[in-house]
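Report on the following structure.
Because only heavy atoms are used, hydrogens play no part in the values below, and waters and symmetry mates are left out as well, while side chains stay in.
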Amino acid sequence: MQFSDRPRRLRQNKVVRDMVSEIRLSPDKMIQPYFVSEKGQERFEVSSMPGIFREPADKFLEQFKADFDLGINKIMLFGVVAHKDEKASMADHVDNPTLRAVEALKGKYGDDVFVATDICLCEYTDSGHCGLLVDGEIDNDATLERLAEMALAAARAGADCLGPSDMMDGRIGHIRGRLEECGFKDTIIMAYTAKYASAYYGPFRDAAESAPKFGDRRGYQMDYRNAREALRELKFDIEEGADIVMVKPALAYLDIISYFKDISPVPVAAYNVSGEYAMAKLMAREGMANEMDLVLENLTAIARAGADVILTYHLRDILKNGWL
Ligand code: PBG
Ligand code: ZN
């Protein structure tokens, strides 16, 4: 038989396949998330996220050294605290574990480690909601002020990057304005721009003890039936001063990542979230898939859709096992 074209010619061996591959995953583009708990706490493995721990702030440096030696140099920190109240007091308190960890990390590693911190109230409110409640309702504009205070505290502690994950309207502009006023001109904002109300956040809420005590997050996180609405969020976040825009979750939202990639003037990040991580771990544990194959396929899909940066809990395993 004669064909005018045979695509299999470029699949005939690994050397040829590697040469023509469009995507090359790299740890240079990946951020490892961490949960930092208060000092004096025990290191604790999150049961729904095998291999992921709550790290007590006072032992964080010790723990991080092993990861740094593996090659992890970009991290995102989430705080876990016991005291929660209606004002989210711990969000910018001197004893906030992420602030303590940022100071310690930047003191030791300086610019050799890029430290981002989550900016949201749900880890610190007694309601478990991302915003402040006034008369039982999330008060958008009151929340902005608290977020700006939290952002400022993180910038003062030395964070390189802030990740507002609350989905209040106007938050990027409000935080950017406060940073500028206070002289923090170089603090990067990685906005959770298209953050959808998702069932894939379950394991994270175990890890951070941040599940809402009543109701859900659909009044502020996006409705997964909507794609065009993400473009509206993109426009606002860029106008308001975001340096990087994020899509979250990643795997069920590859269309949104691809949309952003086509039109965003700033880099696009994607968050390979806790539920996506847990699914891969469960399949591997049950012998339903090879973990390396599954993880690399998932992360490649996210990169192929257009993510410049990927936040993933798998990074440590990738480096430890030499998967890339
Ligand atoms: C909190 C926050 C969440 C995640 C990141 N920041 C949970 C939520 O919105 O309920 C989820 C991350 C993950 O699932 O890995 N604003
Ligand atoms: Zn939140």
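- Counting heavy-atom neighbours within 6.0 Å of D5 CG, excluding the residue itself, gives a total above 12.
- Exactly one residue among F204, Y313, Y201 makes a ring-ring contact (aromatic ring centres under 6.0 Å, His included) with F78. That residue is F204.
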(request) In sequence, state the C-alpha distance, the side-chain angles, and the governing distance for K87 and D85, and then conclude on salt bridge (Lys or Arg N to Asp or Glu O under 4.0 Å). (result) CA-CA 6 Å; K87 300 209 145 15; D85 60 26; over 6 Å; no
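- Proximity of a side-chain donor or acceptor of R24 to a complementary backbone N or O of D18 within less than 3.5 Å is detected.
- The line from CD of E297 to CG of N290 is 11.0 Å long, rounded to the nearest 0.5 Å.
- With hydrogens and angles ignored, the 3.5 Å screen pairs a side-chain donor or acceptor of Q12 with a backbone N or O of R9.
- Side-chain atoms of D166 never come within 3.5 Å of backbone atoms of C120 as a donor-acceptor pair (strictly under, hydrogens ignored).
- Looking at K39 and K59, their side chains never come closer than 4.5 Å, going by heavy atoms from C-beta outward.
- Taking a 6.0 Å sphere around CZ of R285, one finds it holds 12 or fewer heavy atoms contributed by other residues, nucleotides or ligands.
- Each of I31 and V113 belongs to its own hydrophobic cluster when Ile, Leu, Val, Met, Phe, Trp and Tyr are linked at side-chain heavy-atom distances under 4.5 angstrom.
- Aromatic ring pairs are classed by plane angle as parallel below 30°, tilted from 30° to 60° and perpendicular above 60°; the pair F68 and F64 is tilted.
- Checking each of E276, E45, E291 against K281 for a salt bridge (Lys or Arg N to Asp or Glu O under 4.0 Å) leaves exactly one that passes, namely E291.
- Looking only at distances, a side-chain donor or acceptor of D216 sits under 3.5 Å from a matching main-chain atom of R218.
- R156 CZ to L99 CG: the interatomic distance, rounded to the nearest 0.5 Å, is 11.5 Å.
- Under the 4.5 Å side-chain heavy-atom criterion for grouping Ile, Leu, Val, Met, Phe, Trp and Tyr, M190 is connected to F114 within one hydrophobic cluster.
- Counting non-hydrogen atoms of other residues, nucleotides and ligands closer than 6.0 Å to CD of E62 gives a total of 12 or fewer.
- Among D237, V266, I172, the single residue meeting the side chain to side chain contact (heavy atoms under 4.5 Å, CB included) criterion with I189 is I172.
- Contact check for H129 versus F214: side-chain heavy atoms found under the 4.5 Å cut-off.
- Formation of a donor-acceptor pair under 3.5 Å by the Y192 side chain with backbone atoms of K248 is not found in this model.
- Between D206 and R54 there is no salt bridge, since no side-chain N of the basic residue sits under 4.0 Å from a carboxylate O of the acidic one.
- Heavy-atom contacts from other residues, nucleotides or ligands closer than 6.0 Å to CG of D112 number more than 12.
- Considering CG of D67 and CG of L319, their distance stands at 8.5 Å, rounded to 0.5 Å.
- Between the side chains of H174 and E145, at least one donor N or O sits under 3.5 Å from an acceptor N or O.
- The two atoms that bring S274 and G202 nearest to each other are OG-N, 4.3 Å, heavy atoms only.
- Panel note: side chain D139, backbone D141; a donor-acceptor pair is recorded below 3.5 Å.
- The shortest distance between side-chain heavy atoms of Y259 and L234 does not fall below 4.5 Å.
- Within the 4.5 Å cutoff, the side chain of P56 has no heavy atoms near those of the E42 side chain.
- No donor-acceptor pair closer than 3.5 Å links the side chain of R217 to the backbone N or O of M167.
- Residue-environment remark: CZ (R8) stays at or below the threshold of 12 foreign heavy atoms within 6.0 Å.
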(request) Step by step, work out the side chain to side chain contact (heavy atoms under 4.5 Å, CB included) result for Q32 and R316. (result) CA-CA 7 Å; Q32 174 80 44; R316 188 183 296 109; 3.7 Å; yes
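- By the neighbour-count criterion of 12 heavy atoms within 6.0 Å, atom CD of E229 is densely surrounded, having more than that number from other residues, nucleotides or ligands.
- No path of Ile, Leu, Val, Met, Phe, Trp and Tyr side chains, each step under 4.5 Å between heavy atoms, connects F236 with Y196, placing them in separate hydrophobic clusters.
- Under the 4.5 Å side-chain criterion, counting only non-hydrogen atoms from C-beta, L77 is in contact with F60.
- No side-chain donor from either of Y277 and Y200 sits under 3.5 Å from a side-chain acceptor of the other.
- Under the 4.5 Å side-chain criterion, counting only non-hydrogen atoms from C-beta, P97 is not in contact with S37.
- By the 6.0 Å and 45° rule, K195 does not stack over the aromatic ring of Y271.
- Under a cut-off of 6.0 angstrom, the local environment of NZ in K185 is crowded, with over 12 non-hydrogen atoms contributed by other residues, nucleotides or ligands.
- Within 6.0 Å of the NZ atom in K235, the count of heavy atoms belonging to other residues, nucleotides or ligands does not exceed 12.
- The six-membered or imidazole ring of Y224 lies away from that of Y253, with a centre-to-centre distance of 6.0 Å or more.
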(request) May I have the step-by-step check of side chain to side chain contact (heavy atoms under 4.5 Å, CB included) for D92 and L152, ending in yes or no? (result) CA-CA 8 Å; D92 59 347; L152 189 60; over 6 Å; no
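- Just one of L144, L147, T143 meets the side chain to side chain contact (heavy atoms under 4.5 Å, CB included) condition when paired with L132; it is T143.
- Side-chain atoms of V81 and Q41, non-hydrogen and from C-beta on, never get closer than 4.5 Å to each other.
- Of the possible donor and acceptor atoms, none in the side chain of R146 sits under 3.5 Å from a partner among the backbone N and O of L121.
- Residues E209 and V80 meet the side-chain proximity criterion, which asks for heavy atoms closer than 4.5 Å.
- Rounded to the nearest 0.5 Å, atoms CZ (R232) and CE (M222) are 10.0 Å apart.
- If you take CH2 on W323 and CE on M292, they are separated by 8.0 Å, rounding to the nearest 0.5 Å.
- For the atom pair CG (L70) and NZ (K65), the distance works out to 10.5 Å, reported to the nearest 0.5 Å.
- Side chain of E22 to main chain of R304: no donor-acceptor pair is present (N/O by atom type, distance under 3.5 Å, no hydrogens or angles).
- Residues I310 and I75 share a hydrophobic cluster, clusters being chains of Ile/Leu/Val/Met/Phe/Trp/Tyr side chains in contact below 4.5 Å.
- The hydrophobic cluster containing M76 does not contain L315, counting ILVMFWY residues as joined when their side-chain heavy atoms lie under 4.5 angstrom apart, directly or transitively.
- Looking at K84, its side chain does come within 3.5 Å of a backbone N or O of E123 through a donor-acceptor pair.
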